[in-house]
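Numbering of ligands and ligand atoms starts at 1, following listing order. Model, not experiment: these values are computed from the prediction.
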Amino acid sequence: NWSERYAVRRLPFARLGERDVAFFERLLPGRALTAQEEVKPFNVDWLKSVRGCSQLVLKPQTTAEVSQVLRYCYEKNLAVNPQGGNTGLVGGSVPVFDEIILSTALMNQVISFDKVSGILVCQAGCVLERLNEYVEEQGFIMPLDLGAKGSCHIGGNVATNAGGLRLLRYGSLRGTVLGLEVVLADGSVLDCLTSLRKDNTGYDLKQLFIGSEGTLGVITAVSILCPQKPKAVNVAFLGCQSFAKVLETFTTCRAMLGEILSAYEFMDEKCMELVERHLKLSSPVADSPFYVLIETSGSNSSHDEEKLNNFLEQAMASGLVTDGTVATDDKKIKRLWSLRERITEALTHEGYVYKYDISLPVGKLYDLVDDMRARLGQSAKNVVGYGHLGDGNLHLNITAESYSHSLLDAIEPFVYEWTARCSGSISAEHGLGFKKKQFIQYSKPRGAVVLMQQFKAMLDPKGILNPYKTLPSAPEWGLC
Ligand code: FAD
Ligand code: MLT
Ligand code: ZN
C-alpha cells in the first residue's frame, strides 16, 4: 500500500454515499462512472507508481457542470481530485484515498482561434497534440510540446506549468497563457479568460493557478498565445565525448545560431542504450558518452541551413562533436526527436523508476548524475541523465527491478540536499504532487510556504481540492 509507504493518513472528509452517487448520476447522466473496471485506470498514475481507491469518476462537459459538482462536494465535504490526461510524474493526478476524480476528458472543445493574433481559447480537456494539429492547419503551433502530447490535456499542462521541449524558444506558460477560467472549491466561477497581450489591471490572478496542481481550483478553459509555424525546421543529432564538450557545444551553437536556435537537449549513453534495447530505435551516430539534439526554427531554409552547417563544421573541426547527422524532412526530424522524447517510456521497461527533475546551474548539471552513480554503486540498476540542457533542467532517473525503501533512503534527501547546495530547484517542471511535497523547503523559504498555505486556506477553506498534494502536511509547517 503506497499511502503507507509514504506514511499519510486520510483526512476527515465525508465518505461517498448512495445519495451522493444518485445526485451525480442525475447531474451527469452516463458520465458518472462507478463500475470498478471503468474507474480503475483513473486510480493509477502513468508511471504505475501510485494508486488511489476512488469509487467515482465524474466527466463534466461544461463549466456549469464543474461548478455544480464542486458546489455539491464543498457543501458535503467530499474531497476531489482534478484529473486531465493522467500523465503527471509526481503522483498528483490520482487520488491518495477515495477522493472523487473529476476528469476533464469530455471538456475538449475549441472555443475560438484568432488567425491574426494566434490566440487560441479552448476547454481545459483538449489534448495537446490535437490542439497542435488544429492550429497547424491555420499556420501556427502550440507554444509547448512534450513527450506526453498524445494524452496530456492543456488544463493539465497549465496546472503543472509544464515546460517541455519548446520552452527555450517560446518561454514558459507563465508568459504564453493569457487567460484562464477556473472553478473554485465552493463552485464559484472565476472568469479571467481574457485574450489580451497586455493587461495590468490589478493582480495577475491566473498566475496563482498556473502550476497549482489542482489544489486551488479546477481550470476549465485556457486562452493561450500560439507562435507562427516556422517555415524551416532543422534538427542535428550529435555525439560528444564528454559533458564539458556538451556545454561548450551549447555555448558555440548559441553564439553561431542565435535567434534560430529552438531546442538544445542532451542525453547520456545509457539513455541511448535503453531506447535502442526497449523501443528498437537505432542511433544515427557513432557510440558516444553523450548525445545532443539541436533544433533550429526559422523562416528561411537556406539561411538556416547555412548557419547550421557553419556551426557543425566548426564543432567538428574543433573536436567538440565527433559524429553527427542532420535532418530537414519531417520524417527524419520526428525519428531523431523520438530518441530523446521516448527515454521516459524506455525507462519504464527497466522496472521501478525513481524520477528527479532538477534545475541547476548548467555547468553542474551532470555532476549530480556522477555523484549519484558513485553513491549508489550496484544497488541501482541504472542511473541516467538527460534533459533540457538549454533551460538548465536535468532529468536524473534511477531504476531498480522493483521499489526498495533502502534505495529510496540512499537517494533522498541526498539528491535534495545536493540541489539546495547549488541553489537549484527540486522540481524544475513536473511539480511537487504527492511525491515531492515534503521536500518543498529545499527550494522555498519557510515564509513562502506559509504564504502558500494561507492562499490555499483562503481559496479552499475546507481543503477539498487535491488534498495531500503540493503543500507539506507536517504540523511544523503551520496551517495545514
Ligand atoms: P494530469 O497528469 O492529469 O494532472 C497533473 C496535475 O494537474 C494533477 O495535480 C492534477 O490534479 C492537476 N490537473 C489536471 N488537470 C487540471 C485542471 N483542469 N484543473 C486543475 N488541476 C488540474 N512535463 C514537463 O513539464 N515537460 C516535459 O517534457 C514532460 N514530458 C513528459 C513526457 C512523458 C512521456 C510523460 C508521461 C510526462 C511528461 N511530463 C512532462 C509530465 C507533465 O506534468 C505532464 O505530461 C502534463 O503536463 C500533465 O498533463 P495531464 O493533462 O496529463 O495532467
Ligand atoms: C522529458 O523531458 O522527457 C520529460 O520531462 C519526462 C521525463 O522527465 O522523463
Ligand atoms: Zn522534461
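Considering only non-hydrogen protein atoms, atom 38 (C) of ligand 1 sits nearest to L89 CD1, 3.7 Å. Among all protein heavy atoms, the one lying closest to atom 2 (O) of ligand 1 is G88 N, 2.7 Å. Closest protein heavy atom to atom 7 (C) of ligand 2: Y386 OH, 3.3 Å. Nearest non-hydrogen protein atom to atom 7 (O) of ligand 1 is A159 CB, 3.5 Å. Here the heavy atom of the protein found nearest to atom 4 (O) of ligand 1 is S93 CB, 3.5 Å. When hydrogens are left out, the protein atom nearest atom 35 (C) of ligand 1 is A148 CB, 3.6 Å; that is the closest non-hydrogen contact. In terms of protein heavy-atom proximity, atom 8 (O) of ligand 2 is closest to H430 CE1, 3.1 Å. Among all protein heavy atoms, the one lying closest to atom 25 (O) of ligand 1 is G163 N, 2.9 Å. The closest protein non-hydrogen atom to atom 48 (C) of ligand 1 is T87 OG1, 3.5 Å. Distance from atom 30 (N) of ligand 1 to its nearest protein heavy atom, with residue and atom name: L146 CB, 3.7 Å.
Distances shorter than 4.0 angstrom do not occur between any heavy atom of G125 and any atom of ligand 1. Look at G433 and you'll find every heavy atom at least 4.0 Å from all atoms of ligand 1. Contact annotation: E345 has no heavy atom less than 4.0 Å from any atom of ligand 1. Ligand 1 does not have K469 within reach: every non-hydrogen atom of the residue lies 4.0 Å or more from it.
Nearest residue to atom 20 (C) of ligand 1 from A221, A162, G217, G84 is G217 (criterion: closest heavy atom). Here atom 50 (P) of ligand 1 lies nearest to G85 when heavy atoms of P82, G214, G85 are compared. Looking at G387, A428, G156, it is G156 that brings a heavy atom closest to atom 49 (O) of ligand 1.
Residue-level proximity to ligand 1 for T160 is carried by the side chain, the only part with a heavy atom below 4.0 angstrom. Residue N466 touches ligand 1 through its side chain alone, judged by heavy-atom distances below 4.0 Å. When non-hydrogen atoms are compared, ligand 1 lies under 4.0 Å from neither the backbone nor the side chain of E341. Contacts of I343 with ligand 2, taken as heavy-atom pairs under 4.0 Å, are absent altogether. Within the 4.0 Å heavy-atom criterion, the part of T104 lying near ligand 1 is the side chain and not the backbone.
Checking N234 against T296 by side-chain atom types alone, a donor-acceptor pair falls below 3.5 Å.
Cation-pi geometry between K245 and F290 is not met at under 6.0 angstrom from the ring centre and within 45 degrees of the axis.
Considering backbone and side-chain atoms together, N397 places no N or O closer than 3.5 Å to any N or O of ligand 2. Between E341 and ligand 2, not a single N/O pair is under 3.5 Å apart.
Using a 4.0 Å cut-off to heavy atoms of K355, the atoms of ligand 2 that qualify are 7 (C), 8 (O), 9 (O). Set against the non-hydrogen atoms of H388, the atoms of ligand 2 under 4.0 Å away are 2 (O). Listed by number with element, the atoms of ligand 2 under 4.0 angstrom from any heavy atom of R340 are 1 (C), 2 (O), 3 (O).
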Which is it for D357 and L89 under the side chain to side chain contact (heavy atoms under 4.5 Å, CB included) test, yes or no, and what are the steps along the way? CA-CA 10 Å; D357 163 38; L89 297 172; over 6 Å; no
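Using a cut-off of 2.8 Å, one finds that H430 contributes no N/O/S atom close to the Zn ion (ligand 3).
The minimum distance between the Zn ion (ligand 3) and any N, O or S atom of E429 involves atom OE2.
The shortest side-chain heavy-atom distance between S112 and L120 does not fall under the 4.5 Å cut-off.
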